[in-house]
Structure formats: structure tokens, C-alpha cells
Amino acid sequence: MAYRDRIEVSFDAGHRLLDYQGKCASPHGHTFRAEVIVEGSELNELGLLVDFGDIKRAMKEWIDRNWDHGFLVNSRDTAMLKALRSIPEAKVYCFEGINPSAEAMARQLACLASERFPGLRPTVRVWESNTQYAEYIPETPQ
Ligand SMILES: [Zn+2]
């Protein structure tokens with residue numbers, strides 16, 4: 001038996017995919033939606049798996065600080081980094097050696113959620129539009 005709790009945070013950010021053949025190679029932005037789903041079999045003394053407010057606050061605080069109204073960039077994307085660094089107001093978040101895809105974003109948020117809420121196996125979906133999302137599913141413990 002297991003319980004699942006789900007919270008959602010939306011934010012605006014720009015990105016582009018380095019070496020991609022197609023329109024995602026152009027710098028562009030989305031209103032992203034991140035869904036964080038945690039699961040576990042034990043409830044606390046209040047009858048909660050986790051307080052929705054605690055997980056939502058933790059995720060939103062990190063996203064607001066690092067991604068919201070920022071530009072997500074591959075650390076190997078030297079042209080994009082040079083352009084962004086010429087804009088003093090630009091908020092830039094680097095993904096080390098990987099494109100800032102919805103998949104990479106979902107993995108990043110899942111790592112963050114599992115650090116903050118250990119043992120709750122966070123699954124993260126990052127919606128790039130109303131019709132498509134990428135999901136990161138943690139490995140099942142052996
Ligand atoms: Zn995109």
C-alpha cells in the first residue's frame with residue numbers, strides 16, 4: 001500500500017537545444033509546469049505523507065531563485081553563454097554538458113526533491129506545453 005501526493009509549480013523560462021536540427025535550436029521560452037509526485041507507505045502523526053505546503057514551498061523557492069524568468073543553457077553552448085553574459089540583467093542557469101531539455105529539467109528537480117524529502121521517491125514531470133511533458137522516474141530500490 002502506498003500514498004502519493006502531488007504538487008505543481010509553474011514558471012517562465014527560456015532555453016534552446018544545442019546542435020539540434022529544428023526550431024528548438026532557436027532561443028525561445030515556455031511557461032513550464034513542474035509536477036512533483038512523492039510516494040510512501042507511512043503517514044506521520046498528523047496523517048500526512050508530507051505537508052503539501054512544505055514540498056510546494058521548497059520547490060517553488062528553488063525554482064524562483066534559479067529558473068523563473070531565467071535562461072537555461074548547456075554549459076557547452078559558448079555562443080549562447082557569450083550573448084547572455086553581455087546582458088547584465090540576464091539570469092542564467094547552466095546545465096553541465098547537457099541540453100536544458102524538459103527531461104534534464106525533470107531530473108534536476110527530482111534530485112532536488114529527493115535531497116529535501118528523502119525516502120519519498122519523487123517523480124517529476126516537466127510540462128513544456130499543454131500537450132507534452134517529460135518525466136523523470138526514480139529507480140525502484142532493490
Ligand atoms: Zn522549448
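For ligands, and for the atoms within them, numbers begin at 1 and follow the listed sequence. Quick caveat, the model's predicted, so the values are computed rather than measured.
- Checked by atom type and distance alone, the side chain of R125 never pairs as donor or acceptor with a backbone atom of A134 at under 3.5 Å.
- Between E61 and R65 there is a salt bridge, since a side-chain N of the basic residue sits under 4.0 Å from a carboxylate O of the acidic one.
- Aromatic ring centres of H15 and F95: separated by at least 6.0 Å.
- Atoms of the protein (N, O or S only) found under 2.8 Å from the Zn ion (ligand 1) are H15 NE2, H28 NE2, H30 NE2.
- Sorted pairs that involve residues 102-121 and meet ring pair (Phe, Tyr, Trp, His ring centres under 6.0 Å), not counting sequence neighbours, are lacking altogether.
- R57 pairs by the side-chain contact (heavy atoms from CB on, under 4.5 Å) definition with D54, not counting sequence neighbours.
- Here D19 pairs with R76 under the side-chain contact (heavy atoms from CB on, under 4.5 Å) rule; sequence neighbours left out.
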